[in-house]
Amino acid sequence: AQSVTQPDIHITVSEGASLELRCNYSYGATPYLFWYVQSPGQGLQLLLKYFSGDTLVQGIKGFEAEFKRSQSSFNLRKPSVHWSDAAEYFCAVGTYNFNKFYFGSGTKLNVKP
Amino acid sequence: GAGVSQSPSNKVTEKGKDVELRCDPISGHTALYWYRQSLGQGLEFLIYFQGNSAPDKSGLPSDRFSAERTGGSVSTLTIQRTQQEDSAVYLCASSSSGTSGSPEQFFGPGTRLTVL
């Protein structure tokens, strides 16, 4: 069955430090992978997506993610976190015909000054 | 409109009552999705509409839940005989294509449903 696991419920990093949010998926075919951010009181915003090609994808706000098929992972990274990055981050996998998207349970990011 | 809109933004109801939640997708978007986000949980897929095709209802948790999409645009999610476990944020998303291309989903702000 398709599923997405985000093993870290909460993460706290200092402003300026690097960030990596983990995402593992289970899907029987080529996955279409997404990272979304949800700020308090805001809707979900797409950060980046992977469909095919280069396994390192760049997104908005300085985020990037790397698809590793052998590890079934799609981890999100940012070299230097800003206080405005504090939010909840969701990883998702879409089926081949995009009729379903499976979301992880989210990782809440706190940023220390 | 510029984005996906949902109404109401908040709904408080009593157990056993029926509720209707509305979603206005981005104009021209053929695909529409409903999700449920319970406290501390990820998004749970509920239902998917694509153009004039029959909707994929496989995510609806019980027969108390139903949804329709009129004229390929506005969608209504109906919950009958609400239960306390129905309390959640209900999110709607639309995309320009559900079958090809770049199916980025645009999410609405959600409706927070509280069942007393």
Side-chain angles (χ1 to χ4, degrees), chain A residues 1-10 21-27 30-53 57-60 65 74 76 87-108, chain B residues 1-7 9-10 23-26 29-51 53-60 69 88-112:
Chain A
Q2 297 87 343
S3 66
V4 178
T5 301
Q6 294 179 247
D8 304 306
I9 299 174
H10 287 97
L21 303 183
R22 295 182 291 166
C23 173
N24 292 96
Y25 66 89
S26 173
Y27 185 62
T30 301
Y32 298 108
L33 297 161
F34 306 80
W35 274 100
Y36 288 86
V37 60
Q38 186 177 37
S39 300
Q42 305 287 319
L44 275 80
Q45 181 183 21
L46 180 68
L47 284 175
L48 47 76
K49 59 192 176 188
Y50 170 79
F51 290 163
S52 64
V57 293
Q58 303 297 319
I60 63 171
F74 188 57
L76 182 71
E88 190 160 19
Y89 293 80
F90 293 92
C91 179
V93 60
T95 57
Y96 76 97
N97 55 357
F98 305 111
N99 68 331
K100 284 183 184 175
F101 291 80
Y102 298 89
F103 284 77
S105 55
T107 297
K108 286 188 178 177
Chain B
V4 179
S5 60
Q6 293 185 243
S7 61
S9 55
N10 280 285
C23 172
D24 281 271
I26 292 173
H29 278 190
T30 58
L32 187 148
Y33 310 79
W34 281 99
Y35 296 90
R36 178 169 68 177
Q37 186 177 23
S38 302
L39 188 64
Q41 302 293 315
L43 278 69
E44 175 189 5
F45 166 81
L46 296 178
I47 189 169
Y48 161 73
F49 295 90
Q50 172 58 264
S53 302
D56 180 342
K57 304 180 181 180
S58 59
L60 295 178
R69 189 178 185 191
V89 176
Y90 290 83
L91 293 167
C92 175
S94 69
S95 71
S96 58
S97 172
T99 57
S100 65
S102 181
E104 177 181 351
Q105 294 183 89
F106 293 84
F107 282 84
T111 293
R112 182 176 297 278

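We use all heavy atoms of the structure for the numbers below, so side chains are in, but hydrogens, waters and symmetry mates are not. Residue numbers start from 1 in every chain, and the chains themselves are labelled A, B, ... in the order their sequence lines are given, proteins ahead of strands.
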I need the minimum non-hydrogen distance between Leu32(B) and Cys23(B), along with the two atoms involved. CD1-SG, 4.0 Å
Can you say whether the rings of Phe103(A) and Phe90(A) are parallel (under 30°), tilted (30 to 60°) or perpendicular (over 60°)? perpendicular
Can you tell which part of Gln37(B) gets under 4.5 Å to a heavy atom of chain A, answering side chain, backbone, both or neither? side chain
Got a sec, which residues hit side-chain hydrogen bond (donor to acceptor under 3.5 Å, both in side chains) with Trp35(A), two or more places apart in sequence or on another chain? none
Contacting moiety of Gln38(A), where chain B heavy atoms sit under 4.5 Å: side chain
Between Tyr35(B) and chain A, with a heavy-atom cut-off of 4.5 Å, which part of the residue counts as in contact: side chain, backbone, both or neither? side chain
Looking at CD1 of Ile9(A) and OG1 of Thr107(A), how far apart are the two atoms once the value is rounded to the nearest 0.5 Å? 8.5 Å
